[in-house]
*Asks:* 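Could you have a look at this structure, given as structure tokens, before my questions?
Naming convention: chains lettered A, B, ... in sequence-line order (proteins, then strands); numbering from 1 in each chain.
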There are 2 protein chains.
Amino acid sequence: MLVQNSEAMALSAALLAVAGDLTRRIHEGVAARGFEGLRPAHGFAFTRLAPDGATVTDLAAHLGVTKQAASQLVDELVRKGYAERRPHPGDARARLVVLTEEGWACTRAAEEAAAEAVRAWGEVLGEPELRALRASLPRIVPGGPIRPAW
Amino acid sequence: MLVQNSEAMALSAALLAVAGDLTRRIHEGVAARGFEGLRPAHGFAFTRLAPDGATVTDLAAHLGVTKQAASQLVDELVRKGYAERRPHPGDARARLVVLTEEGWACTRAAEEAAAEAVRAWGEVLGEPELRALRASLPRIVPGGPIRPAW
DNA sequence: AGTATATGGTCAACCTACTTGACCATCAGG
DNA sequence: CCTGATGGTCAAGTAGGTTGACCATATACT
């Protein structure tokens, strides 16, 4: 029992360390590609806006914050030229927030940075272990929202 | 290349989702065991204080914040009865922050909550995959500090 | 149709965790 | 001893979030 708990803590600590490292690497990689003044929270917003845009309320639910906070975040993205608010087709109350071309470029930069980080893992672990990770992790929290958690 | 990037994103997203889920489960598990009013950041502080205590400056470095912020966090832990400041043996400037008995109880609660979460993973993945995870993850960021990262 | 209620969004005020800057006490090296 | 570096706190400012009030539009119910 004591051993089991300490094993669980070791696994948990390693996971959180890797997650922290990944977040930092993506953030730095994005900044290094010229997209500055962005925080990780913006990245999580991008993942929701990317496909077809989203409403402020959708975004708030995705990020786990109030819609007021989400609205402020959108303000910031709009001010910096990464997103824009358009009228919502089929609901005059709502507004559809979509990425600008600059927003898409930033999304691609984040993907490149993530790929770099994952390549670094591959060099340490080797291909088979990396594939095992790729197979295991998505099964743990299947539909899990990707958002800041602490 | 496009495939590689999107694979990397899928792996990254899964990892962040698992990390977020783990953080949430530990937090809720600790609260469910009667330790309320604690944020995840406090947990990260506990992991540093646990062995033999630490100075405020040590703690600040561990958490990646200023020593003033660390000091405020210690104030809070002291006020809630989880830690206490003692004179530092061998350095009259410094003060050693150590866990109280309540602090140790909370640490054990966090370990139990983490063990519960990991057990849930085991039920989804099966023992072999879980062991593979336990073997792989610590190799990615060997000495990585466990701290909030976004 | 007509009213009532729910929903999307914003404005304003407040809260909290963190920062920067100044400062004091103590340590360590000449 | 001085002198600079280090551990720690106090005070004030900032950033990102919250709660609460409010308007416009959509949806449901007679």
*Asks:* Do A:Glu112 and A:Arg108 meet the salt-bridge criterion of a basic N to acidic O distance under 4.0 Å?
*Replies:*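 Not counted as a salt bridge, because no side-chain N and carboxylate O are separated by less than 4.0 Å.
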*Asks:* When the distance from CZ of A:Arg39 to C1' of D:dT14 is rounded to whole Å, what number comes out?
*Replies:*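 Between C1' of D:dT14 and CZ of A:Arg39: 13 Å.
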*Asks:* Would you indicate, yes or no, if D:dT18 has its OP1 or OP2 atom less than 4.0 angstrom from a side-chain nitrogen or oxygen of A:Thr66?
*Replies:* yes
*Asks:* Atom CG of A:Leu73 to atom P of D:dG17: distance rounded to whole Å?
*Replies:* 7 Å
*Asks:* What is the distance from CG of B:Leu38 to P of C:dT16, rounded to the nearest Å?
*Replies:*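 In whole Å, C:dT16 P and B:Leu38 CG are 16 Å from each other.
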*Asks:* How would you label the contact of A:Ala92 with the nucleic acid (heavy atoms, under 4.0 Å): base, sugar-phosphate, or nothing?
*Replies:* sugar-phosphate
*Asks:* Name each donor-acceptor pair under 3.5 Å that joins a side chain in residues 87-95 of chain B to protein atoms two or more places apart or in another chain, with its distance.
*Replies:*
| unit_1 | atom_1 | unit_2 | atom_2 | d |
| --- | --- | --- | --- | --- |
| B:Asp91 | OD1 | B:Arg93 | N | 3.0 |
| B:Asp91 | OD1 | B:Arg93 | NE | 3.2 |
| B:Asp91 | OD2 | B:Arg93 | NH2 | 3.1 |

*Asks:* Can A:Glu123 and A:Arg119 be counted as an ion pair, charged N to O under 4.0 angstrom?
*Replies:* no
*Asks:* Classify the side-chain pair A:Arg39/A:His42 by whether it contains a donor and acceptor separated by less than 3.5 Å.
*Replies:* yes
*Asks:* Atom CD of A:Glu76 to atom C1' of D:dG17: distance rounded to whole Å?
*Replies:*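 That distance rounds to 12 Å.
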*Asks:* With a 4.5 Å heavy-atom cut-off, do B:Leu15 and A:Leu22 have their side chains touching?
*Replies:*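 Sidechains of A:Leu22 and B:Leu15: in contact.
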*Asks:* If I take atom CZ in residue A:Arg79 and atom C1' in nucleotide D:dA15, what distance separates them, rounded to the nearest angstrom?
*Replies:*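 For the pair A:Arg79 CZ and D:dA15 C1', the rounded distance is 12 Å.
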*Asks:* At under 4.0 Å between heavy atoms, which parts of nucleotides 2-15 of chain C does protein reach? Answer with one letter per nucleotide, 5' to 3': B base, S sugar-phosphate only, - none.
*Replies:* ----BBBBBB----
*Asks:* Using five base pairs at each end, measure the axis-to-axis angle across the helix from C:dA1-D:dT30 to C:dG30-D:dC1 and round it to 10 degrees.
*Replies:*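 Computed angle between terminal axes is 30°.
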*Asks:* Any side-chain donor paired with an acceptor under 3.5 Å for A:Glu129 and B:Ser136?
*Replies:*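 There is such a pair (donor and acceptor under 3.5 Å, judged by atom type) between the side chains of A:Glu129 and B:Ser136.
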*Asks:* Check this for me: does any side-chain nitrogen of one of B:Glu111 and B:Arg33 sit under 4.0 Å from a carboxylate oxygen of the other?
*Replies:*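 Not counted as a salt bridge, because no side-chain N and carboxylate O are separated by less than 4.0 Å.
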*Asks:* Output yes when B:Arg134 and A:Glu7 qualify as a salt bridge under the 4.0 Å nitrogen-oxygen rule, no when they do not.
*Replies:* yes
